[in-house]
Amino acid sequence: MQTFVTRDEITNWRKQLARDQKKLGFVPTMGALHDGHLSLVKKASEENDAVLVSIFVNPKQFNQQADLQAYPRMLDADIALLRALPNVVIFAPNEAEMYPTGLAFEPMQLGEIGTVLEGAKRPGHFDGVVHVVHHLFALIAPDRAYFGEKDFQQLAVIRKLNEHYQFGIEIIACPTKRDPDGLAMSSRNLRLSANERNNALSIFKALTLIKENAGKLPIDAVRNQAIQIIEEAGLMIDYLEIVDPRSLKICQSWQQIQLCCVAAFCGEVRLIDNMLCESVKLP
Ligand code: PAF
């Protein structure tokens with residue numbers, strides 16, 4: 001399996017693809033790959049002639065050093081997982097290669113979409129995401145790029161980035177993959193003890209409660225019940241909000257469709273999840 005580590009290797013490979021008029025799908029990751037990532041890679045593989053998966057733990061998007069240090073890194077296992085998939089190559093640069101001295105980057109204003117929810121709780125996080133994805137898009141120039149809906153706000157930020165810098169890449173949103181008991185797949189789940197993992201299921205239970213009661217009971221009452229489910233399981237909520245999926249503004253009352261977003265600490269591990277829910281039409 002081809003594993004590139006330098007920008008030059010990528011540039012040469014990309015030029016050859018263009019000469020051969022091959023379509024390129026791109027899946028950016030920070031490694032510690034799970035079935036959620038693999039579902040993006042499989043989709044990219046079905047829809048393109050070649051797929052590039054980047055694996056780079058981006059220090060610029062971590063607002064806490066301890067979180068960066070604890071982030072799982074397992075490149076050999078990641079390569080072994082991807083080896084089974086057709087037409088996939090890997091780009092696993094080091095930091096100097098990702099951010100070479102003198103490489104121009106003009107930061108963009110994210111506006112409100114970058115300052116609510118994750119943006120409010122993790123200052124600088126989205127600036128770091130924009131920085132690395134800008135460099136990756138500029139270097140790789142994919143036809144399509146694949147992102148998971150678990151990071152719903154990140155997806156909105158990426159769409160804005162794509163427009164702002166005029167990359168013209170087709171951004172494909174892929175549904176959140178869950179374990180059979182509902183826990184959203186995340187590389188961070190590897191850090192949970194068995195007991196913590198069990199407690200973390202409260203996030204899915206809370207989101208499901210909101211989904212089942214949207215439009216039926218007052219929005220504040222439903223939100224409070226959801227908070228209670230998570231807190232009773234011993235997690236510390238960072239935020240739990242019911243928002244408009246387009247603007248990410250908090251909903252004061254039920255709309256036709258809303259997005260419930262949660263971030264909560266399960267022990268040391270910060271987990272995020274979300275669920276779209278339509279208001280049930282009352283007879
Ligand atoms: O979603 C992620 O894993 C990261 O934020 C991304 C898009 C790979 C950028 O580092």
Side-chain angles (χ1 to χ4, degrees), residues 4 7 10 25-41 43-44 51-64 67-75 77-78 81-82 88-99 103 105 107-108 110 113-114 117-119 121-142 144-162 164-165 167 169-177 184-191 261 263 269-274:
F4 301 125
R7 295 179 150 263
I10 292 292
F26 174 44
V27 182
T29 81
M30 298 205 296
L33 302 181
H34 49 69
D35 278 357
H37 294 114
L38 295 187
S39 71
L40 306 190
V41 181
K43 187 168 168 59
V51 179
L52 183 97
V53 177
S54 66
I55 299 180
F56 177 68
V57 181
N58 174 32
K60 289 192 193 294
Q61 70 187 75
F62 286 81
N63 55 323
Q64 308 250 324
D67 193 24
L68 172 61
Q69 299 308 328
Y71 203 86
R73 290 160 175 86
M74 41 184 68
L75 185 59
D78 291 341
L81 276 178
L82 292 172
V88 176
V89 305
I90 297 174
F91 178 43
N94 63 19
E95 202 175 334
E97 203 66 36
M98 192 68 249
Y99 296 112
L103 182 65
F105 173 65
M108 65 181 271
L110 280 168
I113 214 141
L117 305 171
E118 289 297 287
K121 294 292 178 178
R122 302 183 66 192
H125 166 65
F126 285 127
D127 295 330
V129 171
V130 167
H131 199 151
V132 77
V133 175
H134 170 276
H135 282 357
L136 288 164
F137 278 5
L139 174 67
I140 294 160
R144 303 186 180 94
Y146 296 77
F147 293 86
E149 284 177 340
K150 187 169 91 64
D151 295 298
F152 198 95
Q153 192 175 5
Q154 171 171 277
L155 197 46
V157 166
I158 300 292
R159 289 192 195 284
K160 192 158 183 175
L161 168 167
N162 191 37
H164 178 86
Y165 297 106
F167 283 115
I169 296 165
E170 193 182 342
I171 305 295
I172 316 270
C174 304
T176 303
K177 287 283 272 183
M185 291 185 187
S186 163
S187 305
R188 290 173 194 271
N189 294 354
L190 287 172
R191 295 176 52 208
C261 305
V269 185
R270 186 173 183 278
L271 300 173
I272 61 169
D273 199 354
N274 66 73

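Counting starts at 1 for both ligands and their atoms, following the listed order. Quick caveat: nothing in here was measured; it's all calculated off a predicted structure. Values below: every heavy atom of this structure, side chains too, minus hydrogens, waters and symmetry copies.
- Applying the side-chain hydrogen bond (donor to acceptor under 3.5 Å, both in side chains) criterion to Asp67, with sequence neighbours excluded, gives Arg188.
- Phe137 meets the ring pair (Phe, Tyr, Trp, His ring centres under 6.0 Å) test with Phe167; sequence neighbours excluded.
- Aromatic ring centres of His131 and His134: separated by at least 6.0 Å.
- Remark: Asn58 engages Gln61, Tyr99 in a side-chain hydrogen bond (donor to acceptor under 3.5 Å, both in side chains) (not counting sequence neighbours).
- Ring planes of Phe105 and Tyr165: tilted class, angle from 30 to 60°.
- Test Val41, Ile10, Leu139 against Leu52 for side chain to side chain contact (heavy atoms under 4.5 Å, CB included) and you get one pass: Ile10.
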Ligand 1: protein N/O within less than 3.5 Å of ligand N/O:
{"from": "ligand 1", "atom 1": "1 (O)", "to": "Gln154", "atom 2": "NE2", "distance (Å)": "2.9"}
{"from": "ligand 1", "atom 1": "5 (O)", "to": "Gln61", "atom 2": "NE2", "distance (Å)": "2.9"}
{"from": "ligand 1", "atom 1": "5 (O)", "to": "Gln154", "atom 2": "OE1", "distance (Å)": "2.7"}
{"from": "ligand 1", "atom 1": "10 (O)", "to": "Gln61", "atom 2": "OE1", "distance (Å)": "2.6"}

